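Structure, as structure tokens:
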Amino acid sequence: QVHLVESGGGLVQAGGSLRLSCVASGRTSNGRTVSNYAVGWFRQAPGKEREWVGTVSWNGARTYYAPAVRGRFTITRDNAENTVYLQMNSLKPEDTAVYYCAQSLSADYEPFGGWGSWGQGTQVTVSS
């Protein structure tokens, strides 16, 4: 079973930066590690639906972002450390949410693809 743990959230002023980490452990039912799969970041603000933030391909070569964060957020990964990062710059109050990472069921981004394991989330609060 894959286990994902996010960290790095906190309180930051508008315009500031945070870097979230998602550490993976375990294996999927077919014996693979998360390094074989794309990983996505999602967020959910109070009273709103969960929204996709971005995805990094299995080897980190390709990244995809939602329009709301493109140019401000960057996803990278270090498969040797089983860790995926979400660097968030120029933060805005509307970025306030609980941020989750999730293991894709595919090696690359698929707009309508499925997701396997999810982390428990980390809170990001941006003050104005």
Side-chain angles (χ1 to χ4, degrees):
Q1 182 178 357
V2 170
H3 188 52
L4 303 175
V5 178
E6 303 94 336
S7 62
L11 174 64
V12 64
Q13 287 188 331
S17 298
L18 280 176
R19 188 177 79 159
L20 306 185
S21 299
C22 170
V23 179
S25 60
R27 293 178 179 270
T28 61
S29 58
N30 59 3
R32 295 186 171 186
T33 64
V34 172
S35 62
N36 293 283
Y37 297 92
V39 171
W41 284 95
F42 293 79
R43 65 186 182 185
Q44 186 166 21
K48 296 187 177 181
E49 293 187 354
R50 184 179 60 198
E51 65 173 345
W52 172 74
V53 172
T55 297
V56 60
S57 64
W58 71 276
N59 60 356
R62 291 170 296 279
T63 51
Y64 311 84
Y65 301 97
V69 306
R70 190 175 296 127
R72 300 188 297 122
F73 290 11
T74 303
I75 302 174
T76 58
R77 66 188 300 165
D78 182 344
N79 283 340
E81 296 294 330
N82 298 312
T83 303
V84 177
Y85 301 98
L86 176 64
Q87 178 68 43
M88 305 185 295
N89 298 329
S90 303
L91 283 162
K92 306 175 181 180
E94 51 264 43
D95 294 318
T96 295
V98 177
Y99 283 72
Y100 302 88
C101 61
Q103 171 233 321
S104 172
L105 297 180
S106 305
D108 206 341
Y109 171 63
E110 294 188 7
F112 302 102
W115 301 90
S117 296
W118 291 77
Q120 83 292 345
T122 185
Q123 175 71 48
V124 171
T125 303
V126 184
S127 63
S128 57

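Please read these numbers as outputs of a predicted model, since none were measured by experiment.
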Hey, would you say the Trp115 and Phe42 ring centroids sit under 6.0 Å apart? yes
Return the minimal non-hydrogen interatomic distance between Arg77 and Val34, and the atom names on each side. NH2-O, 3.0 Å
Does Tyr64 reach the main-chain N or O of Glu110 with its side chain, forming a donor-acceptor pair under 3.5 Å? no
Here's one to test your reading of the geometry: is the NZ or CZ of Arg50 within 45 degrees of the ring axis of Trp118 and under 6.0 Å from its centre? yes
Work out which heavy atom in Met88 is nearest to a heavy atom in Tyr99; give both atom names and the distance. SD-CE2, 3.8 Å
Rounded at 0.5 Å granularity, tell me how far CZ in Arg27 sits from OG1 in Thr33. 6.0 Å
Joint cluster assignment, Phe73 & Leu20, ILVMFWY side-chain distance < 4.5 Å: yes
Between Val56 and Leu18, is there a shared hydrophobic cluster once you connect ILVMFWY residues whose side-chain heavy atoms come closer than 4.5 Å? yes
Rounded at 0.5 Å granularity, tell me how far OG1 in Thr125 sits from CG in Asp95. 11.0 Å
Under 3.5 Å, side chain of Arg62 to main-chain N/O of Ser57, donor-acceptor pair present? no
Is there a continuous path of hydrophobic side-chain contacts, each under 4.5 Å between heavy atoms, that joins Trp58 to Tyr65? no
Between Val98 and Gly121, the two heavy atoms sitting closest are CG1-CA, 3.8 Å
From Leu105 atom CG to Tyr37 atom OH, the distance as rounded to the nearest 0.5 Å: 7.5 Å
SG of Cys101 to CZ of Arg43, rounded to nearest 0.5 Å, is 15.5 Å
In terms of heavy-atom contacts, Pro93 and Ser128 come closest through CG-CB, 3.8 Å
CG (Asn36) and OG (Ser104) are apart, to the nearest 0.5 Å, by 11.5 Å
Does the Ser117 side chain pair with the main chain of Val2, one donor and one acceptor, at a distance under 3.5 Å? yes
Using the side chain to side chain contact (heavy atoms under 4.5 Å, CB included) rule, take Val84 and Trp41 through it: C-alpha gap first, then chi angles, then the decisive distance, then the call. CA-CA 9 Å; Val84 177; Trp41 284 95; 3.6 Å; yes
Just checking, Arg19 and Tyr85: is the charged tip under 6.0 Å from the six-membered ring centre and within 45° of the axis? yes
Which value, rounded to the nearest 0.5 Å, describes the distance between Gln87 atom CD and Ile75 atom CD1? 11.5 Å
Which heavy atom in Thr122 sits nearest to a heavy atom in Gly8, and how many Å separate them? OG1-N, 4.2 Å
Please determine whether residues Leu86 and Trp52 belong to a single hydrophobic cluster, defined as Ile, Leu, Val, Met, Phe, Trp and Tyr linked transitively by side-chain heavy-atom distances below 4.5 Å. no
Would a distance-only check, ignoring hydrogens and angles, find a side-chain to backbone donor-acceptor pair under 3.5 Å from Gln120 to Glu6? yes
When you measure from the side chain of Thr96 to the backbone N and O of Val126, does any donor-acceptor pair fall under 3.5 Å? yes
Same apolar cluster (I L V M F W Y, side chains within < 4.5 Å links), Val124/Val69: yes
